[in-house]
Structure formats: structure tokens, C-alpha cells
Amino acid sequence: MPINLIHETVTPDQLTRYARLIYDRTGIVISPQKRTLLSNRLRRRLRETGIEGYEAYYKHLSKLRDADPEWDAFLQEITTHETYLFRDETHWKWFREQFVAEVAEAARRGQRQRTLRILSAACSTGDEPFTIAACIAACMPNLSQWKIDVLGTDIGAGALEEAKAATFNERAMRLVPDDYRKRFFIKSPTATLWTAKPTLMSLVRFRQHNLMAALSERPFDLVFVKNVLIYFDKPSKQKVLDHLRKAIAPGGLLVAGAAEGVSDLLNDFQRLEPWLYRKA
Ligand SMILES: C[S@@+](CC[C@H](N)C(=O)[O-])C[C@H]1O[C@@H](n2cnc3c(N)ncnc32)[C@H](O)[C@@H]1O
């Protein structure tokens, strides 16, 4: 990278074009205030690729397919992957004590099959799907009689590779109750890393998916979409919710992060909690 680029930021015009490219492909809004941040992140890609300058990198990037490793590396730089197990305790208390209990009771009464399909959309490194799996493994009576499918999706291939490794550091594990740690995770002897046991691995799968596109999967009983739509504007949120609406089974539920800003876009759903919606 030329020395004069080290402290240089993208020009307002370059920022507009990068922001448009990101928005068109992901729904994420990059505001003009993010100019320095974007420049810092871009500089890392210039250093890695050896491409000389923001202009040349933009031209290169705009020609790449979504599946190109460089597009993914760029996405990894500009997206936030912050996540941890048992994030938002209220949701998990509800999930364990009400959702799983009610689903189990309905099956016991013969009112539903012993199948359960849950989507964790934009799951980053997998902490949310593994939390779902741990709660099910801990709370579902007669688990072996159930067909459980927890799908974690994310736009980032790198994040999903980490998710598949199912290894979490102490920070990601900090809210995991002690008995869950013992039952469902193995601590590495050399480092403070925890790996999910096969019980959890057998309940979870991952696939790459952009929320801006339809998801070709059978309908889910429950969908989590948390801490991702906060980066989207209203038209993008609308598009994502249109796809998710189709992914939820009739009577199925949607858990949205408290700051997702989706309540006025879900008027056809019954609002059970500020973060919980039921599809009619
Ligand atoms: C902050 S993490 C949220 C992780 C998890 N849902 C949670 O609440 O802890 C946001 C994730 O959204 C993903 N993401 C951003 N735009 C996306 C899109 N258009 N489609 C799918 N995933 C996207 C990012 O790759 C990132 O992993």
C-alpha cells in the first residue's frame, strides 16, 4: 500500500459508492459518519490484497460475485459479529420455561408431531443456535423421540466456519449457567476454550444465507432475528421481513431483538411481547 494512503480516508464520493455497493448487496446502511471507520477497515483489505488505493479496490470489489472469498473478507471487515451465548436472558427464560414446555405438552397430548424447526437468522459465529440447542437438550422431555432441526444462517462464510467449529471463548461463555457448561461443553485443557458436545452438534446445522434473499427451507416453528436489522433501513427491513414471514409456519413465532425496529412492519403478526410476535 502506498505510504500516502496510510492516514487517508475515502473521499465523500467514494464513500457514497462503497455505501451503495454494500447496501445493494446486504441491506446494511453505511452512514457518512462511518467514513473514518470504513477507511480503516478498507486499508486492512488493501494491505492484504496488495491493491493500490480505494478506487482500484472498489472497482475490483464491484465485479466480484457474492461467493468470492475477497467479497466475504470485505464483508467480515464491515459487519459486526458481536455475539455470545445466552444473550438477552429474558428471551431464554421464555424459551426454556414457556416455549419448550408448551411444545412438549402439545406433543404429549397428541396435538403436534415431535418435530421442531428453529431458525437463527444472522447467527454470526453460532452462539445463538448453540444456546437454542442447549436449552432444548436441557429442557425437552424425551429428547430422543424428537426430530429437532436448529438452522443457523449468516451472510459471512468466515463467521459460519467458526460456528461449525463450535468453539467458544470464556467471554462468549460468560452467561452460560454452570450446569449447562458441564453437561453440554468440553473445556480444552490448554486454553480457556469450550467446545460443544456431540449432543448439541447433532441438533444444529449451518448454511450461508443473505437475509435479502428468500430462504429455501421448509417453514420454521420459531425464528430468531436479533442484532442485525439495527443496521438496515426501513425498505431493507421490510424486504427481510417479507422473506422471514414466508419462512415461518402458520401460528409460528418470531423473536426480534429489542432494538430491531420491526414492530410497525409486523402489523399482520400478533405482538405477544415487545420482542415476540406470532404469525396468524
Ligand atoms: C451482531 S451479529 C448478531 C449475531 C446474533 N444474531 C446475536 O444477536 O448475537 C450480526 C450478524 O449479521 C450478519 N449479517 C449482516 N447482514 C446480513 C445479511 N444481509 N444477511 C445475513 N446476515 C447478515 C453479520 O454477518 C453478523 O454476523
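Order of listing sets the numbers, starting from 1, for every ligand and every atom in it.
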Contact check: [X] vs ligand 1, nitrogen or oxygen atoms, below 3.5 angstrom:
X    : result
M212 : no
A122 : yes
Y84  : no
Y231 : no
I155 : yes

Using 4.0 Å as the upper bound for N to carboxylate O, is an ion pair formed by [Y] and [X]?
X    : Y    : result
E217 : R117 : yes
E89  : K93  : no
E55  : R17  : yes
R87  : D127 : no
K182 : D179 : no

Interfacing atoms of ligand 1 (cut-off 4.0 Å, heavy-atom, [X]):
X    : value
T80  : 1 (C), 2 (S), 10 (C), 11 (C), 26 (C)
I28  : 15 (C), 16 (N)
S124 : 4 (C), 27 (O)
H209 : 20 (N), 21 (C)
T83  : 4 (C), 5 (C), 7 (C), 9 (O)
N210 : 18 (C), 19 (N), 20 (N)
K226 : 3 (C), 5 (C), 6 (N), 7 (C), 8 (O)

Contact check, Q76 vs ligand 1, heavy-atom distance below 4.0 Å: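 Under 4.0 Å: no for Q76.
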Please confirm whether F224 approaches ligand 1 to less than 4.0 Å, judged on its heavy atoms. no
Distance-only, no hydrogens or angles: does the H60 side chain make a donor-acceptor pair with backbone N or O of L64 under 3.5 Å? no
Quick test: of every protein heavy atom, which one is nearest to [atom], and how far off is it to 0.1 Å?
atom                    : value
atom 7 (C) of ligand 1  : R87 NH1, 3.4 Å
atom 8 (O) of ligand 1  : N227 ND2, 2.7 Å
atom 27 (O) of ligand 1 : D154 OD2, 2.7 Å
atom 20 (N) of ligand 1 : L211 N, 2.8 Å

Is the positively charged end of R181 above the ring of W194, judged by distance under 6.0 angstrom from the centroid and angle within 45° of the axis?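 Output yes; distance and angle both within limits.
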Within 45° cone of Y84 ring axis and under 6.0 Å: R174 NZ or CZ: yes
Is there a side chain to side chain donor-acceptor pair (under 3.5 Å) between S236 and D233? Walk through the geometry before answering. CA-CA 5 Å; S236 302; D233 66 359; 2.9 Å; yes
Through direct or indirect side-chain contacts below 4.5 angstrom among Ile, Leu, Val, Met, Phe, Trp and Tyr, which residues connect to V29?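 The other cluster members (ILVMFWY side chains, heavy atoms under 4.5 Å, direct or chained) are Y23.
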Geometric class of the Y277/F269 ring pair [parallel <30°, tilted 30-60°, perpendicular >60°]: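 Correct class here is perpendicular.
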I'd like the name of whichever of I22, I78, V228 reaches closest to atom 15 (C) of ligand 1 through any heavy atom. V228
Given that the side chain starts at C-beta and the backbone is N, CA, C, O, which of these parts of T153 lies under 4.0 Å from ligand 1, counting heavy atoms, or is it both or neither? neither
Output for pair (L151 CG, S120 OG), nearest 0.5 Å, gives 8.5 Å
